Number of protein chains: 2
Amino acid sequence: MNDRSTTPVGQLSRQMLVDSVYDRLMALIMDQQIRPGSKISIDALVRELGVSSTPIREALARLEADGLVLKESMRGYFATEQLSAAEFDDLCQFREVVEGWAVSTAALRATKADIEALQAELDTVPRPLDGDDYESFRRLQEHDVRFHMRLLQIAGNQALTTAFQRTHPHVRTFRLRYEAKQGNSAIREHEAIVAALRQGDPKGAQDALISHIRATANRIRPWLDT
Amino acid sequence: MNDRSTTPVGQLSRQMLVDSVYDRLMALIMDQQIRPGSKISIDALVRELGVSSTPIREALARLEADGLVLKESMRGYFATEQLSAAEFDDLCQFREVVEGWAVSTAALRATKADIEALQAELDTVPRPLDGDDYESFRRLQEHDVRFHMRLLQIAGNQALTTAFQRTHPHVRTFRLRYEAKQGNSAIREHEAIVAALRQGDPKGAQDALISHIRATANRIRPWLDT
DNA sequence: TTTCCGTGTTTCGTACACGATACGCGATGC
DNA sequence: GCATCGCGTATCGTGTACGAAACACGGAAA
């Protein structure tokens with residue numbers, strides 16, 4: 001989403017203030033240093049981040065489009081509330097529909113190179129997942145995002161990939177995932193998906209993916225409403 | 001998307017400048033008065049719309065999230081290019097996946113009231129579709145958007161509805177739809193969908209919807225690349 | 001307790017300074 | 001003569017500073 005590396009012909013595009021503010025706010029929200037539902041004051045950010053209001057407003061506008069903050073007229077911005085159980089289930093259902101179609105399509109389209117790229121992604125995960133610490137989790141989470149995005153890309157539908165990306169399912173369940181500590185099982189489920197893709201089995205891949213999403217959901221669900 | 005009627009407890013939220021700028025730009029893009037691919041200068045808009053840059057920037061940020069304009073660092077905003085054939089097909093595929101699931105779910109969930117609301121929506125369309133003029137088309141288009149949104153709402157998945165809404169399939173094919181003049185057939189296909197829903201037939205509803213999307217796509221496709 | 005009002009805080013919008021990009025023109029090299 | 005390169009100017013995006021309007025909160029009065 002934030003890969004604004006337009007990169008005008010070989011030259012790295014300068015990091016605008018908007019981008020760094022966006023990244024910092026995203027991090028603050030993900031780590032819950034900005035609590036769900038709490039007010040996000042532009043003035044406070046001006047003082048805290050040491051930049052003027054314009055880039056902050058633009059970053060907030062972007063975050064609003066991402067569904068991570070909410071704007072109320074003449075009242076300001078607020079962090080979106082923690083997912084309710086119903087919203088969480090909606091999100092999982094959405095993933096089943098979109099990713100389910102994507103993997104079954106991917107099973108028919110995947111090249112050798114695609115499969116190997118997926119395998120390489122799996123192999124880079126440090127195993128056994130030793131660390132209980134925040135950084136280890138963060139690396140795992142980033143692996144998970146890359147893995148699922150790659151599945152979508154293999155399916156090859158840009159509109160669908162973008163729509164998925166914009167719902168930010170990973171970001172919105174970040175804290176929950178952290179608390180649920182679900183690393184090793186998730187990796188095994190990923191392997192099952194890759195195995196089905198390798199055999200070119202659409203139905204098998206779809207089943208494996210849906211099992212994975214449901215298993216993840218079951219691991220996370222106890223942490224809702226806390 | 002632009003229903004920012006946060007409405008702080010019964011009181012209508014004041015129309016901010018951002019909102020009116022957003023609406024005007026949306027109209028300019030839909031009507032192709034801003035050509036696909038062309039530059040959108042902030043300064044020019046400042047002069048033309050008579051407001052300062054801040055609300056314009058925020059409106060453009062929103063439109064970027066909607067995928068209707070594109071921003072390049074230090075170079076400015078551009079209207080997104082006209083859909084290529086491949087992008088158009090992606091969009092149709094996306095609709096088949098998302099809306100297909102939605103109607104089959106809707107067939108199981110729809111109440112009498114839901115069905116009647118859909119029927120009412122169909123009945124409000126002026127028939128026979130006499131006007132070849134722009135205004136008639138516009139009314140038809142708005143009907144179509146309402147009809148499809150209502151289908152999604154009956155399915156009851158907010159995450160999926162939002163994701164669909166944010167891809168703006170209708171907006172992005174507006175001009176094409178206008179040129180393809182496809183009114184009467186579309187209405188009949190809508191009726192087939194409602195009939196299947198009325199019978200509580202998930203498979204039938206899904207088939208009817210997919211037929212509708214493909215028929216629409218076939219009517220529109222000749223107008224691509226013009 | 002409820003309503004009204006004043007004060008402080010924050011958002012919304014404007015005006016302006018700075019810096020980067022784009023474009024045209026002329027000079028240079030082949 | 002033609003293409004390429006470099007320079008200077010105009011234009012536009014980015015960020016700052018400031019004023020005006022709206023909201024939120026607390027105290028006072030009925």
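By convention in this document, chain letters (A, B, ...) are assigned in the order of the sequence lines, proteins followed by strands, and residues within each chain are numbered from 1. Just the heavy atoms: all of them, side chains too, but no hydrogens, waters or symmetry mates, feed the values below. On a predicted model such as this, the values are computed, not experimentally measured, just so you know.
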Look at the side-chain N and O atoms of [X] and state whether any lies under 4.0 Å from the OP1 or OP2 oxygen of [N].
X       : N      : value
B/Lys71 : D/dT14 : yes
B/Lys39 : C/dT21 : no
A/Arg75 : D/dA24 : yes

Any residue meeting side chain to side chain donor-acceptor pair (under 3.5 Å) with B/Asp43, in chain and number order, not counting sequence neighbours:
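With sequence neighbours excluded, B/Asp43 shows a side chain to side chain donor-acceptor pair (under 3.5 Å) to no residue whatsoever.
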Strand-adjacent residues in residues 43-56 of chain A, judged by heavy atoms under 4.0 Å from DNA chain C
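By residue number: A/Asp43.
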Among the nucleotides D/dG15, C/dA20, C/dG13, which one has an atom lying closest to any side-chain atom of A/Met16?
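Nucleotide nearest to A/Met16's side chain: D/dG15.
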Residues in side chain to side chain contact (heavy atoms under 4.5 Å, CB included) with B/Arg146, at least two apart?
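B/Arg146 satisfies side chain to side chain contact (heavy atoms under 4.5 Å, CB included) with B/Glu121, B/Glu142, B/His143 only.
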Between [atom2] on [N] and [atom1] on [X], what's the gap in Å once rounded to a whole number?
X       : N      : atom1 : atom2 : answer
B/Glu58 : C/dT14 : CD    : P     : 12 Å
B/Leu60 : D/dC12 : CG    : P     : 14 Å
A/Met74 : D/dC23 : CE    : P     : 7 Å
A/Ile42 : D/dA22 : CD1   : C1'   : 14 Å
A/Glu72 : C/dC12 : CD    : C1'   : 16 Å

Has the side chain of B/Arg57 got a donor or acceptor that lies under 3.5 Å from a partner of the other kind on the base of C/dG13?
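Such a pair does not exist between side chain and base.
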Is the shortest heavy-atom distance from the side chain of A/Gln141 to the side chain of A/Arg138 under 4.5 Å?
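Result no, sub-4.5 Å side-chain heavy-atom pair not found.
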Backbone N or O of A/Asn157 within a donor-acceptor pair of the B/Asp90 side chain at under 3.5 Å?
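No.
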So does A/Arg75 get a backbone contact from the side chain of A/Lys39, meaning a donor-acceptor N/O pair under 3.5 Å?
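Yes; at least one donor-acceptor contact below 3.5 Å.
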What about A/Phe164 and B/Phe94, are their ring centers closer than 6.0 Å?
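So the answer is no for these two rings.
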